[in-house]
Structures are given as C-alpha cells and as structure tokens.
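Sequence lines set the chain letters: A, B, ... in the order given, protein chains first and strands last, and positions in each chain run from 1. The model shown is predicted, which means the values in this text are computed figures rather than measured ones.
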Amino acid sequence: MAKTTPELTPELTLERPRIIAVLRLWTLFYRRGVVRFLKFWVETLLGPMVSTMLFMTVFTLALDAGEEMVAGLSALQFIAPGLVVFVLCQISFQNVCFMLIIDKQEGVISDVLMAPLSPLELLLGYGLAAVANGLAAAVLIMAAMTIFTGGMLYSFWIAAFFAITAAFLFAMIGVIVGLWSDKWDQFSLVDNFLVLPLGLLSGTFFTLNSIPHNWQWLFEANPMFWIISGFRYGITGYGDSDAALWHGGTLLGIAAVVFMCGWTLMARGYKIKA
Amino acid sequence: MCRMALIDEKITQVTPRAIGRVNALGLWTLYSREVKRFLNVFTQTLMAPVITTLLFLAVFALALGGLNRTVGGVDYITFLAPGLMMMTMTQNSFANTSSSILIAKVQGNIVDILMPPLAPWEMALAIAAGGITRGLLVGLTVFVAMMVFLPISVAHPLSAVWFALNACMMLSLLGMLGGIWAQKYDHIAAVTNFIITPLSFLSGTFYSIDRLPQAWVTVAHFNPFFYMIDGFRYGFIGHADGNVMIGHLLLPIVNVVLWLVVHRLISIGYRLKA
C-alpha cells in the first residue's frame, strides 16, 4: 500500500480539466440515459408507435381512400411525416423531463452532480439521450408507417437535418423545463398547454389553405410548423427549398439560443445545487 | 401543560360511533377524498383534457371536415363533437380510479382506506363515484366549451345523460380493475396505451362504423365501447349506427358484471391486502 500510493497520485493529478471528456459524457449519455429508455421500451418506443398507428388508422377510415390532399400526395402521405416529427419532438421533450424530474425527486441527481462532470457534459449527457430516444422512436414509426404510405424519401439529408435539429431543440427545452419543475404539475403544464397545442396547430393534419386567411400568420409563426414542413419536404418533396432553408436556419438559431440557456442553467446549478 | 390537559380531556370524551347498515359518513369521506384528489390538480385533471379535446375537435374538423363532408346525415364536426366528449369522459374516469388505487398502493397509504370500517361495497362505491364525478365534470366542461364554438343541439337529453353516466361508470370500474391488478405505473400505462385508447379511438369516435370492412362491423356490434359512443351520439344528433335499444340495456348489464367482479376482488383483498 505504502508503495503504490505515491505512484498513483501523480497520475491522478495529471488529468487536466477538459470541457468535454468523452468517457464521462458516454457514461451519462449511454449508461444512464440510453439504457434507461431501452429498459422502458414499452413506454418509450412501443407506446408512441401504437398511438401514431392509431391516428393513421383513424385517418384511413375517416377519409376517403386515396383521396388526394395536395398535388401528388394522398392525405395519409401528407400527414405521416408531420405526425412522425411531432412525436419525435414530444418524446425528446418528455424523456429528458422524466429523467431530470425523477433524478431530482429520488435524489439521484446528487450522484450525477458529484461525478466529475462539467455543466456542458451534464447538459449533453441528458439532452443527447433524449435525442437518441426520439430518433429511435421516429425511425421505428417511419418504418411502420410504410404500411399506410408506401416507401417515401425525397432527400435523406434534409429529413435528417430537420429531425435532429427538432429533437435537439425540444431536448434542450426539456432540460430547462425539467430543471424548473419541482413537481410533475409544472412539467405537465408545459406539456399540455405548450407542446401539444404547438404540435396540433401546426399543419400536421391540414394545409394552410383550409385556414381562414387572417389566421394563417399564427401557424406560420409556429416553430413546429417549420419543423413539420421542413421534415415533410425532406420526406416527400412537397414544399419549396427556399422555405426549407429559411426555416432550417431559423430553427438552428433558436436551438443554439435554447442550448446556451440550458448550459447557463446547468452551470449555475439552477434548482439542483444548494 | 394546561393545553395537554385540555387535549386529554377531549380524548376521554370520545365515544365509539355506532355504525348502522351503511357507514354513510365513511362513504362520504372517502368519496370527497376522491373528488378533492383530482380537484387539487384541476389544471391537469380538468383543464388539460378540455383544452386537448377542443384542439382535437379543431384539428379533425380542419383535416377531415373539408368539402362539406357529412357523416350520418350531419356535418362532420357535429358528428365528431359527441364522440370526442365521450372519449374524454371515459379516459378521465379510467385515469381517476386507476391512478387513485395504484398511487395508494405504491405509496402504501392504501392501508388508510382498508383500515377504516368500510365494507367492500362502500369502498368500491366511493372510489367508482369519484371516477364518475371526474368523467361527468370533464364532459360537462367540454360540452359548455364546445357550445361557445358550435351550435350543439341535444335531440334526446335523457339518452345522452344515461349513456354518459353508464360509460363513466363502466370506465371507472375498469379503472379500478386495472388499478387493483397493476403493481407498477408501467402496468397501468400499458393498459391505457394498448387497450383503453385503441378501444376509444377505433370504436367510432371519428368515423361512422359503416366505413369499416364488413367483418369488423360485426365485431363492433359486440363492443361495448361502440354502443357507448354510438348511444351518446344518438342523444345529440338523433341518429345511431347501431341499435340504440341494445345500447341502453347492454351498458348497465356490463356495469353490473364489472361491479360484481370489482366487489369480489376488494372483498378478498386481491393485491390490496397482504
């Protein structure tokens, strides 16, 4: 013992503080986040898939079969991408809120805070696990949707860009809401009165043409509308590239701002450090 | 010291309360506890369902109501409104009783309900009545809110009330079965996601049952959820897809059966008593 201690000490002190350490981030992201949502796959993956399929079934039965909604797309093909990306946002948001609130309530958060993790690593560890959950569910749902829509892909990169940006944006919003929530009430307040209305009133299920003209601005100002039209453009090619570029850029900007807010809160230890 | 003496004196004055055939005070206490439980978080239990239902109504009306679509001889939105009302009522009745029992079990305060001198039927009745109250309260609020936007007429008010009451009772009892059976939140989430929501989505809330393939129409005529939605809608628009007489009688019969099962389970203490 007396011999080994002096040998070990210099090595330990050698480790320089870094902004991001891959191992630490991986531990929080994978071992804590991804394993957790895979363990609860019935709720985190299968549940959203079943409810999305239900929506598709309802639309199939309620609409006339093969009715064309916009040029070249059946109603189901029009709805499917929007539904997928909305569910993606919802899952990313909910997952990170669940992780943070449960960790806070059970007091496990102190274990995470004790570990040598920088605020940025904390933010990314929690956030990226939620992004992974969202994307995993979205891919599964997309695959299952082909029953209703047939295979569709216009541009993989555009679709991927919008999916990842959306998931990241909502994961970051989730981090902020998760840190702020002392109880489930606050989380469900945001979930019920912000995320759900944004998603439903966004042009997932209808084109803007069916909205009275003087209300259209309300939909065009909804970030979820940008996400959905961008993703739909990537999947089906419906829409135009200028709008997609414009929407994509704005989303990236918003995501960056929300990310900085999340980072600041983590650094301050808002509601998690005494 | 003086105060302690006063308390001691009060305690000695307490005499045993004679309980007759019905423990009315106990019944009322448990019932008001059930009601206060959900009123305490009314943003989640009353406002959120109301907002969500109105959003659903708006979205489905915009998405499916185009081209002056009519279903069963009425506008699509008039057709949809009672279906959505029924869906919300049933989901809330189910959620109330199932979560009440499950939370009490998980937190261990179920003993506070099991210990008092309440007969199994009194316990079952108080909890079921709590669920029915929540369902009807949500339904009434949604109804009033919808009246603001839609000219809703009620063709057969008594039928509407009869079906609303029976449906809420049925789902409250099912919720109790679920809550008694479940041991973790995952279990009840699975029942909600994979049984209750699909049944309420696919049993004619959004479309006339005639649109189903013939084999499924036959299946629908054995589905209590179908009679529930169809009968309630009959109360509003005066037109039913199925036989309303069967619905009027079938639901109470189902309720009696469910009541006997729930009563039996509580009597033997299945998964309630150690």
Practice task
Pull out the residues in residues 132-152 of chain B that come under 4.5 Å of chain A, heavy atom to heavy atom, sorted by number.
Solution key: none
Practice task
Verify the neighbour count for atom NZ of A:Lys183: are there more than 12 heavy atoms of other residues, nucleotides or ligands below 6.0 Å?
Solution key: no
Practice task
Decide yes or no on side chain to side chain contact (heavy atoms under 4.5 Å, CB included) for B:Leu62 and A:Phe205, but give the supporting numbers first.
Solution key: CA-CA 8 Å; B:Leu62 281 168; A:Phe205 302 105; over 6 Å; no
Problem - Proximity of residues 185-193 of chain A to chain B, residues having a non-hydrogen atom under 4.5 angstrom - result: A:Asp185, A:Ser188, A:Leu189, A:Asn192, A:Phe193
Handout entry: From A:Leu196 atom CG to B:Phe56 atom CZ, the distance as rounded to the nearest 0.5 Å
Key = 7.0 Å
Handout entry: Option that, when pairs with chain A are counted at under 4.5 Å, heavy atom only, ranks first among B:Asp186, B:Asn193, B:Leu202, B:Thr192
Key = B:Asp186
Practice task
Kindly check if the number of other-residue, nucleotide or ligand heavy atoms within 6.0 Å of CZ (A:Phe55) is above 12?
Solution key: yes
Problem - Within the 6.0 Å centroid threshold, strictly below: A:Phe59 and B:Tyr207 - result: no
Problem - OH (B:Tyr185) with more than 12 external heavy atoms under 6.0 Å - result: yes
Handout entry: Contacting moiety of B:Val41, where chain A heavy atoms sit under 4.5 Å
Key = side chain
Exercise for the section: Specify the closest pair of heavy atoms between A:Ala62 and B:Phe206, including all atoms of both residues, with the distance to one decimal. Expected result: CB-O, 4.0 Å
Practice task
Kindly compute the distance separating CG (B:Leu212) from OG1 (A:Thr57), expressed to the nearest 0.5 Å.
Solution key: 10.5 Å
Problem - Residue-level interface, residues 46-54 of chain B with chain A, non-hydrogen cut-off under 4.5 Å - result: B:Met47, B:Ala48, B:Ile51, B:Thr52
Practice task
Would you mind checking which part of A:Leu46 comes under 4.5 Å of any heavy atom in chain B, side chain (CB onward), backbone (N, CA, C, O), both or neither?
Solution key: both
Exercise for the section: Select one option (side chain, backbone, both, neither) describing which atoms of A:Val50 are under 4.5 Å from chain B's heavy atoms. Expected result: side chain
Fill in the blank from the handout: side-chain hydrogen bond (donor to acceptor under 3.5 Å, both in side chains) pairs touching residues 196-205 of chain B, sequence neighbours excluded, are B:Ser203-B:Asn223
Handout entry: Which atoms of A:Phe78 approach chain B - backbone, side chain, both or neither, heavy atom under 4.5 Å
Key = neither
Problem - Atom OH of A:Tyr30: over 12 foreign heavy atoms under 6.0 Å - result: no
